[in-house]
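Can you keep this structure in mind? I'll have questions shortly.
All values reported here derive from a predicted model rather than from experimental measurement. As a basis for the values below, the full set of heavy atoms in this structure was taken, side chains included, without hydrogen atoms, waters or symmetry mates.
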Amino acid sequence: MLIAEPVILAADSYEGDEILRWLADHVTDFTGETGNEQKESP
């Protein structure tokens, strides 16, 4: 994120929306989660 921050801050609203969409689509690239993990029951 630190590398991308200047680009995000300089982006117009359309570009910002595209960046946010890309980040949301690729969140597992940054977190290492696969989405297959099971949550613990209370």
List the atom of Ala11, the atom of Gly16, and the distance in Å for their closest heavy-atom pair. CB-N, 3.8 Å
Set of residues satisfying side-chain contact (heavy atoms from CB on, under 4.5 Å) with respect to Asp29, sequence neighbours excluded: His26
Cluster overlap Ile8 with Trp22, hydrophobic side-chain contacts below 4.5 Å: yes
Among all residues two or more places apart in sequence or in another chain, which pass the side-chain contact (heavy atoms from CB on, under 4.5 Å) test with Leu20? none
All side chain to side chain donor-acceptor pair (under 3.5 Å) counterparts of Glu18, not counting sequence neighbours: Arg21
